[in-house]
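What follows is a single structure, written as structure tokens, with notes after it.
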Amino acid sequence: MKKSPGAIFRERSEFARARIRDDTRKKLILSLVLMMALITALMTSAISAFAAEESNGMLKPVEVSLRDKVSLQNGAKLFVNYCMSCHSAKFMRYNRMAADLEIPEQLVESNMIFTGGKIGDAMTTTLSKEAGEQWFGVAPPDLSLIGKLRDPEWLYGYLRSFYIDDSTETGWNNLVFPNVAMPHVLYELQGIQKAIFNSRTDQNGNSREVFDSFELVSVGKMDADEYDHAMRDLTNFLYYMGEPARMVRIKYGIWTMLFLVVLGSLAFMLKKEYWRDID
């Protein structure tokens, strides 16, 4: 049956309108994607600039590696000896840490458990929440997930930027975390340093104090390079503890990707062989 000119015109009109709607929808989606990408880029740059300003340039790149067992073992030693006096890591168990970091369980029991617990217990502290609030004004937080909450650069900068400050209750302050309630428990390793600030005037004529450098007041057990290396190890351990499954996931992820490559190659060759006679 031959269509009338009016029917043909209506069909073409409907087709044209459908194409216009599709094109408009695609343009709208593309515009939204580009807008979200632009907003994300602007927010990231703003946050990075704000973090860099607030940390007074203390956020330096730091290498973390879950394959560096020596670094992780040293970080674990520093954590249990200096951090666990106040902070717990209740989502981590001693035996899990021993297995992941290849530390003999007997060594962990004799040198890393100070609470009288067992190898299968969680890494908790004897400091109660009430005592922490009484001593520091706020209970020391659990550090199990601090490696997920904070970037390694932040942790590394925080551990290196304590300085004496008579205006605070503890007598200590921190460039990365100003007015933090935590005292510098690692001062015997790093030594005691004070921060030198200089007055600077911005373009609006406002004067403010800007960090210039640290001045060592008394030396510690480590020199600057040794302390930085030790804090890299502690940062590495905190990064590991934030997601211990990361070690297993990376190992099995590599084998999974290799399996998918082999399976995909076999499927591609099978497809070519199957369709060869049909083509």
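Numbers for residues simply follow the sequence, beginning at 1.
Residues meeting the side chain to side chain contact (heavy atoms under 4.5 Å, CB included) test with T170, sequence neighbours left out: T168, W172, P183. For the side chain to side chain donor-acceptor pair (under 3.5 Å) test, no residue two or more places apart in sequence or in another chain qualifies with E215. For S199, the side chain to side chain contact (heavy atoms under 4.5 Å, CB included) partners are S207, E209, not counting sequence neighbours. Scored by the side chain to side chain contact (heavy atoms under 4.5 Å, CB included) test, L270 finds no partners at all (sequence neighbours excluded). Remark: K148 pairs with E243 by the salt bridge (charged side-chain N to carboxylate O under 4.0 Å, His left out) rule, at least two apart or across chains. With sequence neighbours excluded, the residues satisfying side chain to side chain contact (heavy atoms under 4.5 Å, CB included) with E130 are S128. The salt bridge (charged side-chain N to carboxylate O under 4.0 Å, His left out) search around D68 returns R232, not counting sequence neighbours.
The list of ring pair (Phe, Tyr, Trp, His ring centres under 6.0 Å) pairs with a residue in residues 97-154, not counting sequence neighbours, reads W154-Y158.
Chaining together hydrophobic side chains whose heavy atoms lie under 4.5 Å apart places L216 alongside V219. V138 belongs to no hydrophobic cluster, as no Ile, Leu, Val, Met, Phe, Trp or Tyr side chain comes under 4.5 Å of its own.
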Please set out all donor-acceptor pairs under 3.5 angstrom arising from side-chain atoms of residues 96-108, sequence neighbours excluded.
| residue | atom | partner | partner atom | Å |
| --- | --- | --- | --- | --- |
| R96 | NE | D100 | OD1 | 3.3 |
| R96 | NE | D100 | OD2 | 2.6 |
| D100 | OD2 | Y240 | OH | 2.9 |
| E102 | OE2 | K69 | NZ | 3.1 |

What side-chain donor-acceptor pairs closer than 3.5 Å can you find for residues 185-196, not counting sequence neighbours?
| residue | atom | partner | partner atom | Å |
| --- | --- | --- | --- | --- |
| E188 | OE2 | Y82 | OH | 2.9 |
| Q190 | OE1 | H184 | NE2 | 2.7 |
| Q190 | NE2 | R160 | O | 3.3 |
| Q193 | NE2 | R160 | O | 3.4 |
| Q193 | NE2 | F162 | O | 2.8 |

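The one candidate from N74, N81, V80 that meets the side-chain contact (heavy atoms from CB on, under 4.5 Å) condition with L78 is N74.
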